[in-house]
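Only one structure is covered here, and it is reproduced in the block below.
Computed from a predicted model, the values in this text were never measured in an experiment. Throughout, numbering of the chain's residues begins at 1 and tracks the sequence.
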Amino acid sequence: MNDRFHYGQLMHKAMRGLMAEVLQSVADDGLPGEHHFFITFDTHHPGVDIAPYLKERYPDEMTIVIQHWFADLTVLADRFSITLNFSDSPEILVVPFDSIKTFVDPSVEFGLRFDAQEDGEGDEDIVLEPVDKDEEIAEDEPAKAPGGDVVSLDTFRKH
């Protein structure tokens, strides 16, 4: 038995579950209202499956936008797959939830950022931060969740 709760891991699991639930709702019913997502993920992560030319173009991380055109969104327990259009070429992407670095819905100023811990204990910081919905994100630039009041789990950890 462990001698402590790993709150970072528990939050990590809960927030990944939140993303899965939201994406499943979109798969079932489409995007409601003005909702749309910017999802940044690690292209090196095991299980990420993207076209070779996309991997070459985005060797470390990639941001996708789920908004106007997408198809075949399928959500599984540990990943989702989606068909997106890249320069008039539909491509299937497979994205494990553990590869996701940021999940942002600027329409409601909601954002999650998953930062790996350096302490080797396996916990991760989950940062909830407001999003400036007026900020423009260029199509070819990786989306970064805009700054704001950030609450880090480190604030509550004993050192």
Side-chain angles (χ1 to χ4, degrees), residues 6-129 131 133 135-146 152-153:
H6 294 275
Y7 287 107
Q9 291 174 354
L10 294 170
M11 285 293 294
H12 170 91
K13 182 178 178 182
M15 293 301 102
R16 303 283 184 206
L18 177 142
M19 287 187 299
E21 187 173 337
V22 167
L23 290 173
Q24 185 61 60
S25 178
V26 171
D28 294 342
D29 303 318
L31 280 166
E34 298 297 315
H35 288 278
H36 58 287
F37 312 121
F38 295 104
I39 301 173
T40 301
F41 60 95
D42 177 355
T43 58
H44 292 290
H45 191 280
V48 167
D49 188 8
I50 60 177
Y53 79 93
L54 291 174
K55 177 77 172 188
E56 185 176 312
R57 186 171 180 185
Y58 303 99
D60 297 316
E61 66 180 35
M62 180 179 186
T63 298
I64 58 173
V65 179
I66 301 176
Q67 186 172 17
H68 298 295
W69 191 97
F70 62 92
D72 304 322
L73 176 58
T74 303
V75 181
L76 301 175
D78 63 339
R79 66 190 176 276
F80 71 94
S81 65
I82 190 167
T83 301
L84 294 174
N85 192 9
F86 295 90
S87 301
D88 294 323
S89 176
E91 295 289 350
I92 299 171
L93 293 86
V94 177
V95 180
F97 290 116
D98 284 343
S99 72
I100 295 175
K101 294 180 169 190
T102 62
F103 177 91
V104 178
D105 182 346
S107 71
V108 292
E109 299 183 9
F110 178 80
L112 296 173
R113 185 179 73 220
F114 298 88
D115 290 331
Q117 282 292 94
E118 299 293 328
D119 64 9
E121 293 184 15
D123 280 348
E124 289 193 12
D125 282 342
I126 288 80
V127 180
L128 306 174
E129 54 187 41
V131 175
K133 62 183 170 184
E135 184 169 316
E136 294 290 325
I137 299 178
E139 278 186 41
D140 290 339
E141 285 184 20
K144 303 291 183 197
S152 173
L153 293 178

| Should we say atom CD1 of I92 is surrounded by more than 12 heavy atoms from elsewhere, each under 6.0 Å from it? | no
| said: Can you tell me if Q67 has over 12 outside heavy atoms packed within less than 6.0 Å of its CD? | reply: yes
| Euclidean distance, L73 CG relative to Q24 CD, rounded to 0.5 Å | 7.5 Å
| said: Over 60° means perpendicular and under 30° means parallel, so tell me whether F80 and F97 are parallel, tilted or perpendicular. | reply: tilted
| request: Measure the NE2-CD1 distance between H36 and I66 for me, rounded to the nearest 0.5 Å. | output: 11.0 Å
| field | T43 (side chain) donor-acceptor with P59 (main chain) under 3.5 angstrom | value | yes
| task | Determine, step by step, whether M62 and V95 satisfy the side-chain contact (heavy atoms from CB on, under 4.5 Å) criterion, reporting the C-alpha distance in whole Å, the side-chain angles of both residues, the deciding distance to 0.1 Å, and the verdict. | result | CA-CA 11 Å; M62 180 179 186; V95 180; over 6 Å; no
| field | Whether S99 side chain and H45 backbone form a donor-acceptor pair below 3.5 Å | value | no
| Chi angles and distances behind the side-chain contact (heavy atoms from CB on, under 4.5 Å) call for I50, E91 | CA-CA 8 Å; I50 60 177; E91 295 289 350; over 6 Å; no
| request: Check whether any side-chain heavy atom of I39 lies under 4.5 Å from a side-chain heavy atom of I100, and answer yes or no. | output: yes
| note | Between the CG atom in D72 and the CG atom in L93, the distance rounded to the nearest 0.5 Å is 12.0 Å
| Given the rule in the side-chain contact (heavy atoms from CB on, under 4.5 Å) test, do S87 and Y53 qualify, once you have shown the distances and angles that lead to the verdict? | CA-CA 12 Å; S87 301; Y53 79 93; over 6 Å; no
| Where is the tightest heavy-atom contact between V94 and R79, given as atom of each residue plus distance? | CG1-CD, 3.7 Å
| field | Separation between CD1 of I64 and CD1 of I82, rounded to the nearest 0.5 Å | value | 5.5 Å
| said: Applying side-chain contact (heavy atoms from CB on, under 4.5 Å) to T83 and W69, what does each step give before you reach the verdict? | reply: CA-CA 9 Å; T83 301; W69 191 97; 4.0 Å; yes
| said: Ignoring hydrogens, what is the shortest heavy-atom contact between P46 and P96? Give both atom names and the distance. | reply: O-CG, 3.5 Å
| said: Using every non-hydrogen atom in the two residues, find where E61 and K101 come nearest and quote the distance to one decimal. | reply: OE1-NZ, 2.9 Å
| task | Please determine which of F70, F38, F37 meets the side chain to side chain contact (heavy atoms under 4.5 Å, CB included) test together with V65. | result | F38
| request: For residues R16 and D78, determine if any side-chain heavy atom of one lies less than 4.5 Å from a side-chain heavy atom of the other. | output: no
| message | Would you compute the distance between atom CZ of F114 and atom CG of D42 and round it to the nearest 0.5 angstrom? | response | 13.5 Å
| said: I need the R57 CZ to F86 CZ distance, nearest 0.5 Å. | reply: 9.0 Å
